[in-house]
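Ligands are counted one by one from 1 in listed order, and the atoms in each one are counted from 1 as well.
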Amino acid sequence: MIWLLIVIGMVLLGLFYDLHQKRKNFPPGPTPLPLLGNLIPLILSFPGYELMHKWRKEYGDIYTYWMGPFPIVTVNEINLVQQMFVQDGDNYTDRASFGKLTETYRGGNYGIVETNGQVWREQRRFTLHTLRDLGLGKERMQEQILDEAAYLLSELESECKAMGKAWPIKYTEKTVASVINLMLFGYRFDKERETEFYRVRKMLDAQNEELRNPILIAFIGMPRWITKRIPFINRKLELMYKVRDELFLFFGEKIKEHRDTIDYSSDEVNDFCDAYLLEMHKLRDDPTTSFNDKQFVNVCLDLWLAGLETTASTMAWGTALLLNYPEVVKKLHAEFDRVIGSDRMITMQDKNELHYLNAFVSEVQRWANIVPQNLLRKASKGAEAAGLLIKADTPICAQISVLMTDETVFPDPYCFRPDRFIDENGKLKSFKQFLPFSIGKRQCPGEGLARMELYLFFANLVHRFNITPIDPSTIPSLKRTMKNVVKPEAFPCILERRVVQKI
Ligand code: HEM
C-alpha cells in the first residue's frame, strides 16, 4: 500500500513539474507530454506549418512548444522578428543546443553552425571573407557554377537519350556537391572522382536515415556515456558518431593533400583549404587562435551539411514544380525568347531583365519552405518581447516557415504561384516575410552562393529544354519527405532540346 502511495505521489509530482513548474519561465503554448513534449502532434502534422499557425492563433505571435524535453520559444510575426533578431540582434546571436549535443557530437565549441562567442565570430568572418575572395559576386564563381550547370544539363540530356527519361535529383545533388568541393578543395566530382561523391553521399544518407526517427530528439542531447547504455538508441546514435568520424577522415585526407603541397610563402590561394591552412600558419604562435585542424574539419562538415541538402533539395522542388505547372514553363520560355533570344547560356548579367524567372526562383523557395523548424538561437540576457519576459538562455527562433506561409501576406500560401512575386510594373516584388535564408547575425552565410546556383541552374535548364513528365498522367508527387530538410521523392522526366524563338 505504502509503495502504491509513493508511486502515485511521484506521478503527481512529475505531472506538476511537467504541466506547471518547467513551463512557468516560458511564454505559454501547447501542453507538453512528459519526455515527448509536443513531438506527437508535430510528427502527425508533418512538416508542421499548419499546426504552427494553429498554435499561433491560440497562443499569440510568441509561444513555446517542446521538442521532447527541450523548450523552443518561437517568434512568428515579422515586426517582432525584426525587432528581436535585427534591432536587438546581439541578444539573439548565440546558438542553443539540444542538451549536450554540441559537446558530444563536435567535442566542444567547433565549426560555425553550433559555435558561439569569439570562435563563431572568427570562423564565420573568415568563411564569409574567403567565399568573397574566391569569387562570390565576381566572374570566377559564376564561371564555375555555369560550368557545373552545363555538365549537369549534358548529363541529364545523355541519360534521357539513352534511357528515354532522366532522374534529375541524382544529378543535381552531384552538381551542388561539386560546387562545394570546388570551393573547399579545388576540384569537382568528374568521372574519375565520382566515387568520392558517392562515398560522402552514402555517409550522409546513412546518417539521415538513422536519425529520421524523431524519438531520438529526446535522447540526442544526453551525454554519450548515458546513451551508450540505452538499447536501440545506442545503435542509432553510435552510427551517427561513426559517420561523423568517416566524414572527418575524408576531410582530413583532403587537408593533408593540400598541406603536403602548399607554399606558405605565397599569398595566392586556389580554394578554401589553401586559405585556411595559410591562416593557421599565420596565427601559429597565437595561443588564443581558434584556427586549428579540429576546427577546420568541423567547418568543412558545416559547409557540406548546410550547403548540400538545402540547395539540392530546392533544385529538386523547383524541377518537380516545373513538371506540375506547364503554364509556368511556358511563361519562362516566353520571357527567355523575348529577353535572351538565342541559345547561349543565361548568366548573372541577364538577371535584372528576367523578372519572371526571379519570381519563379523566389516562389520555389517560399513554397518549398525546406526548413520547417529554423535553427535555434538563445537569449544571452533576459529581455522583453510582445509584453512577455524572455529569460536568459531561453532557446528561441525566428520561425521563417510560418512567416513564408502567412496567408495575410501570401494568399493561398500552399499554392505555387510565381506571379505573387511580380509587382504592378511587371518587376520582382519583395516581401519582408520572405526569409528562406533567415535573418540577423546568424543569417545563412551561403546565401549568395545558393542564390547564384539556383538562378543559373533553373535559368539554363528551362532555357535549353522542354521539360515534361514521362507520362501526362504521372506527374511527380509534391509530397514532402523529411531528411535534414524537406525534400521531394525522386522522379523521372523527359527533356527535349528547345527551339529558341527570337521575338
Ligand atoms: C537554398 C539553400 C540554402 C538555404 C535555404 C539555407 C538556409 C539556412 C538557414 C535557414 C540557416 C539558419 C540561420 C539561422 O540560424 O537563423 C542557415 C545557416 C547556415 N547556412 Fe545556409 N542555406 C542554404 C545554403 C547554404 C550554403 C550553400 C552554405 C555554404 C556553402 C550554407 C551555409 C550555412 C552555414 C555555415 C550556416 C550557419 C550560420 C551560423 O550559424 O552563423 N547554407 N542556412
field: For atom 13 (C) of ligand 1, the protein heavy atom that lies nearest, with its residue and separation
entry: Arg442 O, 3.2 Å
- line: For atom 16 (O) of ligand 1, the closest protein heavy atom turns out to be Ser438 OG, 2.5 Å
message: Between ligand 1 and Glu114, can you find any atom pair, the residue atom being a heavy atom, that is separated by under 4.0 Å?
response: no
- prompt: For atom 37 (C) of ligand 1, which protein heavy atom lies nearest, and how many Å away is it?
  reply: Val113 CG2, 3.7 Å
statement: Under 4.0 Å from one or more heavy atoms of Pro436, ligand 1 contributes atoms 5 (C), 7 (C), 10 (C)
message: Below 4.0 Å from ligand 1: does a non-hydrogen atom of Trp120 turn up there or not?
response: yes
- request: Just need the protein heavy atom nearest to atom 36 (C) of ligand 1, so name the residue and atom and give the distance.
  value: Pro445 CD, 3.5 Å
query: For ligand 1, which atoms, with element, lie under 4.0 Å from some heavy atom of Arg124?
result: 38 (C), 39 (C), 41 (O)
- prompt: Between Tyr187 and Phe189, how do the two ring planes meet: parallel, tilted or perpendicular, split at 30° and 60°?
  reply: perpendicular
- prompt: At what distance is the nearest protein heavy atom to atom 22 (N) of ligand 1, and which residue and atom is it?
  reply: Cys444 SG, 3.1 Å
field: Taking atom 24 (C) of ligand 1 as the reference point, the nearest protein heavy atom with its distance
entry: Thr310 OG1, 3.4 Å
- prompt: Does at least one non-hydrogen atom of Arg95 fall below 4.0 angstrom from an atom of ligand 1?
  reply: yes
message: Using a 4.0 Å heavy-atom cut-off, which part of Lys441 comes near ligand 1: side chain, backbone, both, or neither?
response: neither
- prompt: Would Thr314 count as a contact of ligand 1 if the rule is a heavy atom under 4.0 Å away?
  reply: yes
task: Among all protein heavy atoms, pick the one closest to atom 32 (C) of ligand 1 and tell me residue, atom and distance.
output: Ala306 CB, 3.5 Å
task: Identify, for atom 27 (C) of ligand 1, the protein heavy atom at the shortest distance, and state residue, atom and that distance.
output: Gly307 CA, 3.6 Å
